[in-house]
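Below is one structure, written out as structure tokens, with a few remarks after it.
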Amino acid sequence: MTPSAGGDGPIVLAGPTGVGKTTVARALAADRGRFVFSVSATTRRPRPGERDGADYEFVSREQFERMVDAGEFAEWARVHDRMYGTPLRNLAGGDGRRVLLDIDVQGAAQVRGNVPSAVFVFLLPPSLGTLLARLSGRGTEPRDEVARRLRVARDELARVPEFDYVLVNDDLDATVAAVRAIARGDAGAAGSLRAARGTAESLCRGIATLLARDLDILSE
């Protein structure tokens, strides 16, 4: 068991695009007595139906940059012309619930340096075929975009050893149960870390093979 497991630090869910991080986080957050989503700050404008303070904290670019300068973020990133970040104050918890973060691997690395109490969970796809289908939009994305996404996924999978727990997300209920076990501090219920890391290494090798074949599999 990691030192922070079973405590009150935030639980960080990370993994490649399309692995199901948000679905898992939403399933956990449905138990409002035990879990709560961290609300991110952003400089983009609210979309119809979004509420300030509930969906996002909507701030100006100037305010966001002041928060960056003041060290108020656990992690933040610039995406095109917009900025997104997780305010440290939103990770405090204190009401008995565990805070959930659904972020990318790069964001998780920032949180690791800023929030020592955080618990890090990497979610893996059940197979290379599943990952490829999700990254390719079931065959609707251009080949060069799929190749770019695969390279990103390969780089993310290479960072699996940095995580406290690694789960293969092949069954939503089982994955949610495993994260619940991690939150309780029951590391054994999360499954074999060695086996999951072996799966990550196998996926990396598969991606390397696909890229070397110039994604011929997409046209088969």
Side-chain angles (χ1 to χ4, degrees), residues 2 4-60 63-64 67-68 71-79 82-125 134 156 163-167 169 171-186 190:
T2 62
S4 52
D8 59 0
I11 295 177
V12 178
L13 301 176
T17 297
V19 77
K21 301 185 294 294
T22 301
T23 301
V24 172
R26 286 175 177 167
L28 289 163
D31 184 351
R32 297 185 179 182
R34 295 185 182 182
F35 299 97
V36 61
F37 265 129
S38 168
V39 178
S40 299
T42 182
T43 59
R44 74 163 173 79
R45 298 179 64 84
R47 293 169 182 156
E50 288 184 332
R51 295 172 297 155
D52 185 33
D55 298 290
Y56 283 95
E57 293 181 17
F58 295 99
V59 301
S60 67
Q63 182 179 351
F64 194 104
M67 294 171 70
V68 170
E72 295 182 18
F73 286 111
E75 59 86 25
W76 69 276
R78 182 178 285 105
V79 182
R82 297 164 180 165
M83 302 171 83
Y84 297 84
T86 302
L88 281 165
R89 63 175 180 274
N90 292 346
L91 304 184
D95 61 357
R97 296 185 295 174
R98 298 296 287 270
V99 178
L100 298 169
L101 280 76
D102 162 20
I103 56 179
D104 63 21
V105 173
Q106 289 73 26
Q110 291 185 54
V111 175
R112 185 174 293 106
N114 293 320
V115 188
S117 63
V119 178
F120 297 87
V121 181
F122 195 106
L123 298 183
L124 293 172
R134 292 173 179 174
E156 291 174 333
F163 284 72
D164 300 318
Y165 300 94
V166 187
L167 302 175
N169 186 26
D171 178 272
L172 176 60
D173 290 340
T175 301
V176 168
V179 178
R180 286 179 178 275
I182 290 168
R184 293 193 305 268
D186 184 1

Exercise for the section: State, with a plain yes or no, whether a side-chain heavy atom of V121 is found less than 4.5 Å away from one of V24. Expected result: no

Practice task
Any chance you could lay out the side-chain contact (heavy atoms from CB on, under 4.5 Å) test for F120 and V111, step after step, and finish with the verdict?
Solution key: CA-CA 9 Å; F120 297 87; V111 175; 4.0 Å; yes

Completion exercise
Between the OH atom in Y84 and the OH atom in Y56, the distance rounded to the nearest 0.5 Å is 5.5 Å

Handout entry: Side-chain heavy atoms of M67 within contact of M83, under 4.5 Å
Key = no

Problem - F35 six-ring centre to R180 NZ/CZ under 6.0 Å and within 45° of normal - result: no

Handout entry: Any donor-acceptor pair under 3.5 Å from D186 side chain to A181 backbone
Key = no

Completion exercise
Of all heavy-atom pairs linking A27 and V176, the shortest is CB-CG2, 3.7 Å

Completion exercise
For P87 and A41, the nearest pair of non-hydrogen atoms, with its separation, is CD-N, 4.0 Å

Problem - F122 vs V19 side-chain heavy atoms within contact, under 4.5 Å - result: no

Exercise for the section: Would you indicate whether the side-chain heavy atoms of V119 and R98 approach each other to under 4.5 Å? Expected result: yes

Fill in the blank from the handout: Taking every heavy atom of L101 against every heavy atom of P10, the minimum-distance pair comes out as CD1-CB, 3.8 Å

Exercise for the section: Search all heavy atoms of I11 against all heavy atoms of A183 and return the closest pair with its distance. Expected result: CD1-CB, 3.7 Å

Exercise for the section: Determine yes or no for a side-chain-to-main-chain donor-acceptor pair under 3.5 angstrom, with D52 supplying the side chain and F58 the backbone. Expected result: yes

Problem - Heavy-atom side-chain contact between T23 and T175 under 4.5 Å - result: no

Handout entry: Side-chain touch R82/T43, heavy atoms, less than 4.5 angstrom
Key = yes

Practice task
Without swapping roles, check the side chain of E75 against the backbone of A108 for a donor-acceptor pair under 3.5 Å.
Solution key: no

Problem - Backbone N/O of L123 and side chain of K21: donor-acceptor pair under 3.5 Å - result: no

Completion exercise
Residues A118 and D164: closest non-hydrogen pair is O-OD2, 4.0 Å

Problem - Nearest-0.5 Å distance, CZ of residue R97 to CZ of residue F37 - result: 12.0 Å

Handout entry: Minimum side-chain heavy-atom gap E57-N90 below 4.5 Å
Key = yes

Practice task
Would you name the heavy atoms of L91 and S38 that are closest together and state the gap between them?
Solution key: CD2-OG, 3.7 Å

Practice task
Say whether, by atom type as modelled, one donor and one acceptor occur between the side chain of R134 and the main chain of T17 under 3.5 angstrom.
Solution key: no

